Amino acid sequence: MASGKTLERLRQLYSKVDAEVKRWNELQEQSLSLLGTIANIAARLPALEDPAAYVALPAAAVAPGFQQRLLAKQLATMDDLIVQLQGCLEDMQVAVEGMERQSKQAQRYVQQERLPPAARAAAAPPIPSVDACLQGLQEISRMYGEELRLKNALVEEVRYDASDADLRQVAALYAAQPHVDGGRVADLLYVVAATEDRRRL
């Protein structure tokens, strides 16, 4: 079984990954809010582009260029929201890079410790083995990396000419996060974070 020093170092790295996961979750909520607003604007665009939609309005309200100005304002708002959405993805990229960095640091640290294979594989339930800790970091990093690639592809479909239905479908898949097993991530983070308390018992 690995020393308390090794497990403590791994626990610290897991704590940093936990912070990245929490940041990802915050960005996920922000992104979904932006996608919902973008879809709402997209749903209004066909009516705003249709001159017949302005016939019932009072003549004073429909001044020359009114339709064009209203449409331009909505498109400008949509463009700003898309830029914000892309910013969320950039921040998600930073979070994923942080997860990857912690995983690589864990691998380097264990290699420097030159632990025998038996010591790396040994576990004292509920305390996981060193190998299990390393595999957990790799698994979390892989899941979020794959999910980020999907999200980048989805955001590329968020355009002015996308229909409301298409954008709702994008939002649904974005929300689903098919590459991230939230329960599995929570379990991995909890088990390692709790090793400090368990070793004190």
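Numbering starts at 1 and runs along the sequence shown. All values below come from the heavy atoms of this structure, side chains included, with hydrogens, waters and symmetry mates left out. The shown structure was predicted, so the numbers you read here are calculated from the model rather than taken from an experiment.
Looking only at distances, a side-chain donor or acceptor of Gln28 sits under 3.5 Å from a matching main-chain atom of Tyr174. Side chain of Ser33 to backbone of Glu29: no donor-acceptor contact under 3.5 angstrom is found. Judged by distance alone, the side chain of Asp166 and the main-chain N or O of Ala162 form no donor-acceptor pair under 3.5 Å.
A distance of 4.5 Å separates CG of Asp18 from NZ of Lys22, quoted to the nearest 0.5 Å. Between Gln12 atom CD and Leu7 atom CG the span is 11.5 Å, to the nearest 0.5 Å. Here the OG1 atom belonging to Thr77 is positioned 5.5 Å from the CD1 atom belonging to Ile41, to the nearest 0.5 angstrom. Note that CZ of Arg44 is 9.0 Å distant from CG of Leu70, once rounded to the nearest 0.5 Å. The NZ atom of Lys151 lies 5.0 Å from the CE atom of Met92; values are rounded to the nearest 0.5 Å. If you take CD on Gln30 and CG on Leu35, they are separated by 12.0 Å, rounding to the nearest 0.5 Å.
Tyr14 pairs by the ring pair (Phe, Tyr, Trp, His ring centres under 6.0 Å) definition with nothing, not counting sequence neighbours. The side-chain contact (heavy atoms from CB on, under 4.5 Å) check on Ala39 picks up Asp164, Leu167, Arg168, with sequence neighbours excluded.
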| message | Checking Trp24 against Asp91 for the side chain to side chain contact (heavy atoms under 4.5 Å, CB included) test, could you report, in this order, the C-alpha distance in whole Å, the side-chain angles of both residues, the deciding distance, and whether it holds? | response | CA-CA 8 Å; Trp24 172 285; Asp91 289 342; over 6 Å; no

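The shortest non-hydrogen separation linking Gln102 to Leu137 is O-CD1, 4.1 Å. The two residues Glu147 and Gln177 come nearest to each other via the heavy atoms OE2-CA, 3.2 Å. Glu100 approaches Ser141 most closely through the heavy-atom pair CG-OG, 3.0 Å. Minimum interatomic distance between Met143 and Arg184 (heavy atoms only, all atoms of both residues): CE-CG, 4.4 Å.
Residue pairs meeting the ring pair (Phe, Tyr, Trp, His ring centres under 6.0 Å) criterion with at least one partner in residues 80-112, sequence neighbours excluded, are absent.
Under the 4.5 Å side-chain criterion, counting only non-hydrogen atoms from C-beta, Leu89 is not in contact with Leu27.
Residues Leu81 and Leu71 share a single hydrophobic cluster, defined by chaining ILVMFWY side chains whose heavy atoms lie under 4.5 Å apart.
Side chains of Gln93 and Glu97: a donor-acceptor N/O pair is present below 3.5 angstrom, by distance only.
A salt bridge between Arg11 and Glu8 is present, with a side-chain N of the basic residue lying under 4.0 Å from a carboxylate O of the acidic one.
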